[in-house]
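Beneath this line is the structure, given in structure tokens, with notes to follow.
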Amino acid sequence: MKWHIEIREKIFDAIGEGVLRDILDLGITTVKKVFFIQVYNIVGEISFLEVKKICEELLVDRITQNYTINKPHLAKSRYESVVEIAYNPGVMDPVEGSVVKAIRDLGIKSPITVKTAKKYILEGRLNNFQLNTICEKLLYNKLIQHIVKSSEFEVEELRLPEYQFRLITIPILEANDKKLMAISRKGQLFLNLKEMQTIKAYFKKLGRNPTDCELETIAQTWSEHCIHKTFKGKIRYIEKIKNQKSRIKIINNLLKSTIMKSTEKLKKPWCISVFKDNSGVIRFDKRYNVCFKVETHNHPSALEPYGGANTGIGGVIRDPLGTGLGAKPIFNTDVFCFAPPDYPFKKLPPGVLHPKRIMKGVVAGVRDYGNKMGIPTINGAILFHEGFIGNPLVYCGTAGILPKEKSFKEPKSTDLIVLVGGRTGRDGIHGATFSSGELTTESEKVSSGAVQIGNPIEEKKMQEAILEARDKNLYNAITDCGGGGLSSAVGEMGKDLGVEVYLEKVPLKYQGLSYTEIWISESQERMILSVPKNKLNKLLEIFKKEDVEATVIGKFTDTKKLKLYYKNNLVCNLDMKFLHQGLPKIEKKAIFVKRNYKEPNFKEPKDLKKYLLRLLSHPDIASKEWVIRQYDHEVQGGSILKPLVGVYNDGPSDASIVRPILNSKRGLIVSSGINFRFGFIDPYWMAGSCIDEALRQIIAVGGSLEEVALLDNFCWGNPDKPDRLGSLVRTALGCYDFALGFGVPFISGKDSLNNEYRIKNKSISIPGTLLISAIAVMEDIHKAISMYLKKPKDLIYIVGQTYDELGGSHYYDLFGYIGNNVPKVNTKKAKQVFEALSKANSEGIIKAMHDCSEGGLAVALAEMAFSGDLGVEVFLNEVPYKGNQIRNDFVLFSESNSRFIVEIEKEDQKKFENILEGVPFGLIGCVSKDKIFNVYGLDGKLCISAGILDLKEAWQKPLRW
Amino acid sequence: MRKVRVCVLRTAGTNCDKETAFAFSKVGATVELVHINRLIEKKKDIFNYDILAIPGGFTYGDDVSAGKILANELRFRLIDKIKKFIQKQRLIIGICNGFQVLIKAGVLPGNRNFIQEASLVTNDSAKFEDRWVHLLLTDKRCIWTKGLPKIIYLPVAHAEGKFVVKDRSILLRLKKNSQIVFQYCNEKGELLGYPYNPNGSVENIAGICDETGRIFGLMPHPERHIDFLQHPNWQKNGIGLQIFRNGVEYVRKNF
């Protein structure tokens, strides 16, 4: 029997109201009311009375909801449109599992399937075009969902035919170069000619053609996503800068010769495991280490923002979980870059989702996964630029904590391979190779298998079981199934040993998967364990107790071969050595030509208050409270410095602090530095600024440079284009110089290349964007400092030198300028500033501190004032400033690095100034109890006078959705 | 001194179990995290505990509605035990998702037949929100709130926290029996709308107890404010700890 249940709110329909607001946002004003209906379709041998029981005891909240059984709501008139959205066959319905479980709890045992759908009633006149717009822009995404035709109300059951084994071989021995490339393209392998030729030569030696599975395995393993061939390959780099001799450099391995080299040189004893495992590991205290990793999930988020971000955060959580023998996740971070949220619909390229929808979907995806996993999301940033129209950037990070003796793994050749977590389906096939190519308008059609939805509760259950098994020493190694699925997880873990896997043993979501699909599927929430035979039963018992599937799918061997079987048929037999070392090195060309922008020439505006207000409303700077509050930033109980601080808890914190061990006074600080605008002018200085920013945020909240580790995340365009690669190389060179200069090591990183969008023959690259994430161990969390002003009459200082560095600044951006004089970093001077402030803080005399970043000292000061609900009286001629042009606006809005605004009690003046000896600083004014922001210009006359509530409103309004 | 035993109940999607356990142990209780499957399989016995705490989280992913599936497990798999636990006058606290469970299982506001009389539904803002709220201590019946000042400050973090009742009579009964424990308010104790009332709850209700005052459910998270360092401005002592202390001391005095 098929049962169709519709549930509707009786009193207040919050979801319907939300959709109505979004429809108004689209500019459609004829819809007057929206009602939301939750649909459950149940199929099974159950009676009407049983269905009634299911409704009344489970599905319906009888206090607030009504329901119908098999009486679907149909449109009553032409003033009413009814749309029902269901998941496509094969897409996981995250609710299904728990509803089936709950029906069992009611005592109903006959076999059933449950599918959910969402139905919307739109009241008001709409033409077909408007209705389509609403459906496509708001209600569904055709990659994972479809509109149910009104006549059918049946369960979309996935009835795939049972899979009949047939070994497929690919005729590459006979193929010429043209055919080789055709095979690569048709199979979505994204392998280039030289790689295809190398594969052909390997199989020629073996005297046979490869199976489809072997070819897929090689493509996965050699994909940019998995092996980072650009960063590890050979690059011929040419650098041309005006008035400088151009230089040519041959780089053999960019990663090893820049990022990793600085770590090697610094030799920090507290770096435990760097660039080896799924995340970088540093020491936390005598008993624990902490690890941290940031990943990107850009391509999937462009196509399906909710699912893409959802699985992005889900994936990076498995990195700490798969580090060493498993770390408990303790916080998440997220940084996004989108096109401006008010981007005109008319200008949108075909096949591209509107940035506001992408942003809402991405935020919801991160929110739902992080919150449901019980991991606080505590730090992030959101920036906007038109260059991200086709490729939004979604960086997700997770840190974990693990007992120090659990920090390393080693699979043994006698171990069994155990797959734990979710089941395997067709989802995410070709994710790894797909992300290694450019997006096109066709991407959504050919690559839709690469889009998935996560199931955080599955991952949470798996986490509980893993951590218990870890503490009982029941396995020797662990890793996660990410891009490339089993292929990359098992292949990587067994690369020094040898592997045998029996693919028919892998638990499937539904029948019909071929052996190759099983092997390369990127279904979420799965991990691989290497388990000694004598510990298997104990391990399986723990997973069973948590309701998590755990299955032996094969074993490690000492043959140095990757052997896969499907029902006793050998479907893959590759040498590990070829797989992991056979990738031909390709020399790529990189050219960096420094662009010279026009240095703008304009007079200082008379009304500087207007520009301060406009800067505060700049979407990069404006309050992100709408986003931050949707993340649980306090779960696990360790929140010390929250992302929002101030008298009304609504000011922008520089960084966040957590206490991972609740009865310890040790904390962790996390911060991030990102500024692609400086990269327009010179990516070398962008790298310097990003590192400086991440570090000064740590100083600003009361940390020190003692034990700080960095992560790098490069998001760039197509590395086969020399200009893209040139700016990437220059950035990496910057990373090396500044990490070394500050004495702060990188411990892990990731790159996401090919962030380009192709329309017809034009390829749009994103602005090359470096994200630096920093994690610092804080010895005593009682030393934490927040950024908002505390008390009238306190003194206000600026510490650090201001230059006329307006290039790439947000002030110039208001006029549409880029400029040339990009902010520089002098690590020696910067360190003096940082260390002096750390010292002052250790003496307990700093009451508030905020770093100067986007919008310069004016924005920093304004944020401190309105967050503290206090005014200021400030004098610009006390600011240490050097520049060709001496102007108020430059002093106010320059984004020079290594600067802080500090609040000090009057009686501590001498003490503070003594500590600052040798460091540029200025006593620029004091806190006032009147809620007025008064700035006196270089001529001593009042140049800005604004009410702090007006400043706050300008800052809060733009993203208060 | 008598050992006070606390069962922190957990299942798939429970998140705040460890910090809730930490809060109880900080005030001297002996705490155990117990998976509901162990109770159903009878491998653990609920009567070995003085206090049942159902912590925050997203049990079963909030699928169907927040707390519903765990509430049904209590109602259909453990009902006799829960009834007896209550009859034996032991203590129950439900925080956030735990409050949703107690309401949807009909344990709160409380009637003999465990019929649901109130609900916690989607916030008026239609989204999850994490923010600190002021709470007015309305009635004094609840044993968990002894010695608290008139206004306290705790964080909420939920998407489905709007308290609603079946009909007016339930509200009148709650008032008559002094079962309304906390109401959302501003720093002066005035009952105002959003954001002070973060979810649109009827009469700003943030927490209620049963007629005996021994069973308590609330949306805010006292376990997230047991130490001044968790306070957003580091200005006040961890007022939430008093709630856990009250439970433990009640057991010591009365059991």
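We use all heavy atoms of the structure for the numbers below, so side chains are in, but hydrogens, waters and symmetry mates are not. Numbered from 1 within each chain, the chains take letters A, B, ... in sequence-line order. Quick caveat: nothing in here was measured; it's all calculated off a predicted structure.
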Within the side chain of [X], is there an N or O that forms a donor-acceptor pair under 3.5 Å with the backbone of [Y]?
X	Y	answer
Trp234(B)	Ile640(A)	yes
Asp61(A)	Ser65(B)	no
Gln116(B)	Ile63(A)	no
Arg224(B)	Gln636(A)	no
Asp632(A)	Ala157(B)	no

Top residue by heavy-atom pair count (under 4.5 Å) with chain A, among [options]?
options	result
Glu73(B), Lys162(B), His35(B)	Glu73(B)
His225(B), His221(B), Lys104(B), Arg10(B)	Arg10(B)
Val121(B), Val165(B), Thr14(B), Asp124(B)	Asp124(B)

Quiz prompt | Any residue meeting side-chain hydrogen bond (donor to acceptor under 3.5 Å, both in side chains) with Glu57(A), in chain and number order, not counting sequence neighbours | solution = Arg75(B)
Practice problem: Under the ring pair (Phe, Tyr, Trp, His ring centres under 6.0 Å) rule, collect the residues that match up with Phe163(B), sequence neighbours excluded. | Solution: none
Is the closest side-chain heavy-atom distance between [X] and [Y] below 4.5 Å?
X	Y	value
Asn37(B)	Lys545(A)	no
Pro456(A)	Phe58(B)	no
Trp132(B)	Lys642(A)	yes

Quiz prompt | Minimum heavy-atom distance between Val635(A) and Cys16(B), given as atom pair plus value | solution = CG2-SG, 4.0 Å
Which region of [X], side chain (C-beta onward) or backbone (N, CA, C, O), has a non-hydrogen atom less than 4.5 Å from a non-hydrogen atom of chain B, or is it both or neither?
X	answer
Tyr631(A)	backbone
Asn663(A)	both
Lys372(A)	both
Ala364(A)	neither

Quiz prompt | Pairs involving residues 13-28 of chain B, ordered by first then second residue, that meet salt bridge (Lys or Arg N to Asp or Glu O under 4.0 Å) (sequence neighbours left out) | solution = Glu464(A)-Lys18(B)
Exercise. Could you walk me through whether Glu129(B) and Trp626(A) pass side chain to side chain donor-acceptor pair (under 3.5 Å), step by step?
Key: CA-CA 9 Å; Glu129(B) 280 190 57; Trp626(A) 181 84; over 6 Å; no
Exercise. Could you please state which residues from residues 101-108 of chain A sit under 4.5 angstrom from chain B, measuring non-hydrogen atom to non-hydrogen atom, sorted by number, or 'none'?
Key: Lys101(A), Ala102(A), Asp105(A), Leu106(A)
Quiz item: So which of Gln630(A), Lys461(A), Glu17(A), Lys460(A) has the largest heavy-atom pair count under 4.5 angstrom toward chain B?
Solution: Gln630(A)
